[in-house]
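This report concerns only the one structure given below.
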Number of protein chains: 2
Amino acid sequence: MAVLAPSREVIVQAATDLLDEGGESALTLRALTIRLSTGYGAIYHHVADKNDLLAAAADDVIARVLTGAVVDADPREALRGVALGLFDAIDAHPWVGAELSRQPWRPALLDFYESVGRLLHALAVPERARFDAAGALVNYVLGVAAQNAARRGRGRDQETGRADFLAGVAEQWSELDPGRYPFVHEAATRLREHDDRDQFLTGVDIFLAGIATLRRT
Amino acid sequence: MAVLAPSREVIVQAATDLLDEGGESALTLRALTIRLSTGYGAIYHHVADKNDLLAAAADDVIARVLTGAVVDADPREALRGVALGLFDAIDAHPWVGAELSRQPWRPALLDFYESVGRLLHALAVPERARFDAAGALVNYVLGVAAQNAARRGRGRDQETGRADFLAGVAEQWSELDPGRYPFVHEAATRLREHDDRDQFLTGVDIFLAGIATLRRT
DNA sequence: ACCTGAACACCGTTCAAGT
DNA sequence: ACCTGAACACCGTTCAAGT
């Protein structure tokens, strides 16, 4: 018997906890009823379906991140900060990355878009190009995020899992014929050593450098 | 009773057909046994599990695309061609985008990486930066692809579905307070009119412009 | 109005039994 | 060796029945 009738807020929070603890596959309606000591009806009364629940949980996480907004004099620095904020949030909650990359128009990302758009304006990118540039940047951030999420598997085995996985791929790559795959063969070493966050930032910088060429003259 | 015992190849092809016809949710083991007039054992004998099947189907599609390789004198043009080839393939088979963005180290993408790496070399990008630049570009392409895939829903309602969906989001955006969300409010118009392929190419061009700044001096 | 929980219609996967 | 298909252990979702 439920001690307290769960509000929508409590339900979404419990879902977030399950997702953080066990990854995407850990969120089942059954697990949720057990954790909340309640029945299916109580959940379905506050939530349309499982998708709704997952989306609401993702919105929550993102909203919390963006409130720690970056205010910076230099628009380039601020843009890096915003991108990195989203990266770190998804790094901490991999399932959010998967969800957002499925639904990049969620209200939760509105503030992100808005920030990027304004900063592009500050960088003197003309209006016409701003839309495409913002879209490309968001796509890039979510693309990286989704892959980090996928690589993480079910949320278990945080760091060792990643290292093992990369070592495995690097192993495969280094066994390739260097005549046929010179670049990939060479890249195997880098793959083993690379830092996700650094590589992400390098990508952002490439983007920013490209965007700088769109500057109105 | 099966007229012909299905080989792995036949099974993967049938899976691809189901996915193309009805999207990701249409691939069920049950549907596959019906289409192939066979039992579960016949399938599990040639395939480890459903993930294996999905991955094999995605590999097939990508392999077929990359054989139509682009040979171009200008590395920038060639890079655009390679990126666009992947984009179009995923546009035609949205489920491939979702699968690849989950597993971007599949062998199927090796040739893609290799092409990008070589072309970056041709563009005089120094070795150190090539790895990060190639990763960023691939992430971008797959990021866009995954979102197009998600937006497509279950594979039904190809073009009208997309138009309706974008119109809906644009509607929401244009209703936002222009004081609080000037950029997003403005972007609503662009969203309604924009062409996915054009926007994708614009993003690639931003990338290439950024990469040009990495050129060794 | 709000909640319970048995029941329903699905999944992916296994495995004794057949050929 | 290769395949069959009933059975198993799960899903998400519904809805008559309770309070």
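In this text the structure is predicted, and so the values were computed from the model without any measurement. Protein chains get the first letters and strands the later ones, always in sequence-line order, with residue 1 at the start of each. What you see below is based on every heavy atom in this structure, not just the backbone, and it leaves out hydrogens, waters and symmetry mates.
- Regarding B/E24, its CD atom lies at a distance of 15 Å from the C1' atom of C/dC11, rounded to whole Å.
- In terms of phosphate contacts, B/H46 brings no side-chain nitrogen or oxygen within less than 4.0 Å of OP1 or OP2 of D/dC2.
- For A/Y113 and A/W105, the distance between ring centers is not under 6.0 angstrom.
- Taking every side-chain heavy atom of B/A42 into account, D/dC3 is the closest of D/dC3, C/dC11, C/dT13.
- Counting to the nearest Å, the C1' atom of C/dC11 and the CD1 atom of B/I34 are 13 Å from each other.
- The nearest whole Å value for the distance from the CG atom in A/L29 to the P atom in D/dT14 is 10 Å.
- Atom C1' of nucleotide D/dC2 and atom CZ of B/R8 are separated by 16 Å, given to the nearest angstrom.
- Of the two residues contacting DNA chain C, namely B/A48 and A/I43, the nearest-nucleotide position lying further toward the 5' end is that of A/I43.
- Using Watson-Crick or G-U wobble geometry with both donor-acceptor distances under 3.5 Å, C/dT19 finds its partner in D/dA1.
- Look at CG on A/L36: it is 11 Å from P on C/dC3, rounded to the nearest Å.
- A sub-4.0 Å separation between OP1 or OP2 of C/dT13 and a side-chain N or O of B/Y44 is present.
- Look at NE2 on A/H45: it is 18 Å from P on D/dT19, rounded to the nearest Å.
- Across D/dT13, C/dG12, D/dG12, the shortest atom-to-atom separation from the side chain of A/Y40 is found for D/dT13.
- The heavy-atom pair separating A/P182 from B/R118 by the smallest distance is CD-NH2, 3.5 Å.
- Nucleic acid contact for B/L27: sugar-phosphate only, since backbone atoms but no base atoms lie under 4.0 Å from a heavy atom of the residue.
- Phosphate proximity of D/dT4 to B/T38: present, with a side-chain N or O under 4.0 Å from OP1 or OP2.
- Note on B/R30: a side-chain N or O is less than 4.0 Å away from OP1 or OP2 of C/dC11.
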- Could you check A/R8 against A/D52 for salt bridge (charged side-chain N to carboxylate O under 4.0 Å, His left out), going step by step and ending with a plain yes or no? CA-CA 11 Å; A/R8 182 180 160 98; A/D52 184 27; 3.5 Å; yes

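- A side-chain N or O of B/Q13 and one of B/D17 form a donor-acceptor pair less than 3.5 Å apart.
- The partner of D/dA7 is C/dT13, by the rule that a Watson-Crick or G-U pair needs both atom distances under 3.5 Å.
- Ring geometry for A/Y140 against B/F207 counts as perpendicular: the plane angle is over 60°, on a 0 to 90° scale with 30° as the lower cut.
- For the pair A/K50 NZ and D/dT13 P, the interatomic distance rounds to 8 Å; values are reported in whole Å.
- Distance, B/L32 CG to D/dC3 P: 13 Å, rounded to whole Å.
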